[in-house]
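Keep in mind that the numbers below use all heavy atoms, side chains included, and drop hydrogens, waters and symmetry copies. By convention here, the first residue in the shown sequence is residue 1.
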Amino acid sequence: MSQRRQLSLNFFVYPGGHHEAAWRYKGTDISRLNDIAYYQDLAKRAEAATIDSLFFADGPVLADNIRYAARYRVEPITWLAAIGAVTSHIGLIATASTTYNEPYNLARLFASLDHLSGGRAGWNIVTTSQAAASQNFGLAEHPVHAERYERSREFVEVVTKLWDSWEDEAVVADQASGLFADTARIHPIEHVGKHFRVKGALNAPRTPQGRPVYVQAGSSEDGRSFAAHYAEAIFTAHQTLGSAQAFYADIKARASALGRRPEHIKVLPGLSPFIGSTEAEAKALEDEFNELIQPEYSLHQLLRMTGIDLSGYDLDGPFPRHLLDIDGTIGAASRFQLIVGILDRENPTIRQLINRLAGGRGHFVLAGTPERIADEIQQWFENGAADGFNIMPPWLTGGFDAFADEVVPLLRRRSLFRTEYRGRTLRDHYGLPRPDSRFAGDHLRASA
């Protein structure tokens, strides 16, 4: 009998929590935001709950609204290496840009994390949307969307070749004969492309997972095409079951058309839960956070997503729909379309809209009892909308503790989530195969 399909649950770690005012909340310990022991403790707590992975976002530029929120970044691979040293099972997913890195260095970093952790590394592949990043890397201008994805595809191809450049049997380590490595199984990749020239091979053996897990978070047309080709897990944002179902079906169909097995791509929408013993208590908790919102910050976030500066408008007045550039560059972005969907369904005031976005920057925010949260997760999981969720606690540590203590046991009782890990690697947790090296067998063909 085949094993029942199981949820995947990731823990998206954000300084202080995901609500934009989390750092101001009385339950947030802001004194520990740079304390690695704090994050190590969070990771141990998540591992005790058998969560699939920790996920750290990143970006190579200082947020220009840092005045109002704890939105700075520490380099995530370094951070996760320290976390990996005190955990044994939980996956470790770091974000790294294909626009502002070089393939050889990044291949080494993630290979090292995979070796250090015994096969728990994942790479969240991004192209970097912040135009200001170009000024930190000596570029005259930020590459346009299509160019960034073109470079990203070649970047991933190069990194994949580098991770494959050592076959699994390349390390012989025969002390008696003195043979350490079979060099016939170590392959220069000899990559020459539009953006990169990389000879290889990588200067480290193949990793426990063969390759770290490929994760992706773009939902634009370019992003979906990229995900269908490369992603093994997709972090995505949806406000409704119908929207999530449409995205899920589209991604699985694209992957299938490319000859991939759809079950080898995990679609994981973001979910930010406010949990209370009653619906009223949960809603009151969400309201408490929204009362801490600083409009200057919220309006800047809205400007980034819509291209409209609403700083001179009455917050309790209607959203000026006539200013939306539906057909322009911003109008094509997935987060822009998500906001248009909210406007179409709910017709909110500006204040109501910024409150809706404050909890998760467009991800699904749900206030309710543990049973309500578990019901929603189950509905999406069993109705073609998700393979699991990227859990985004509104604040830390209390927001995650409530989910681990009150929602996870319900999911286990419904046989939707594991009670113990069944493997050691992130690929094990996701039910993904360990890929063969593309060079496997080349030494035999060369000697034939």
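Ion pairing between E20 and R361 fails under the 4.0 Å rule for side-chain N and carboxylate O. Electrostatic pairing of K161 and D164 does not count as a salt bridge here, judged by no charged N lying under 4.0 Å from a carboxylate O. For R206 and E169, the salt-bridge test fails: no basic side-chain N is under 4.0 Å from an acidic carboxylate O.
The distance between the ring centers of F137 and Y100 falls below 6.0 angstrom. The six-membered or imidazole ring of F289 lies near that of F274, with a centre-to-centre distance under 6.0 Å. Two rings, from F55 and F11, have their centers 6.0 Å or more apart.
Within 6.0 Å of the NE2 atom in H229, the count of heavy atoms belonging to other residues, nucleotides or ligands does not exceed 12. Counting heavy atoms of neighbouring residues, nucleotides and ligands inside a 6.0 Å radius, atom CZ of R197 does not exceed 12 of them. Heavy atoms of other residues, nucleotides or ligands lying less than 6.0 angstrom from CZ of R108 number 12 at most.
Partners of T99 under the side-chain contact (heavy atoms from CB on, under 4.5 Å) rule, at least two apart in sequence or in another chain, are S97, T127, P143, R148. Residues that satisfy the side-chain contact (heavy atoms from CB on, under 4.5 Å) test with A385, not counting sequence neighbours, are L241, A244, Q245, W380. Evaluation of the side-chain contact (heavy atoms from CB on, under 4.5 Å) rule for T207 yields A111, D114, H115, Q209, P212 as partners, not counting sequence neighbours.
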Step by step, work out the side chain to side chain donor-acceptor pair (under 3.5 Å) result for T95 and N124.
CA-CA 4 Å; T95 299; N124 180 40; 2.9 Å; yes
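No side-chain donor-acceptor contact under 3.5 Å links T397 and Y38. When only modelled atom types and interatomic distance are considered, E75 and T78 share a side-chain donor-acceptor pair under 3.5 Å. Between the side chains of H195 and E150, a donor-acceptor pair is found at a separation under 3.5 Å. Under 3.5 Å, the side chains of D387 and Y248 contain a donor-acceptor pair of N or O atoms.
Of the inter-residue distances, the one linking R211 atom CZ with E232 atom CD reads 8.0 Å to the nearest 0.5 angstrom.
Results of the side chain to side chain donor-acceptor pair (under 3.5 Å) test with R434 over D168, D428, T425 single out D168 as the only residue that passes.
Y14 and H18 have parallel rings, their planes meeting at less than 30° on a 0 to 90° scale where 60° marks the start of perpendicular.
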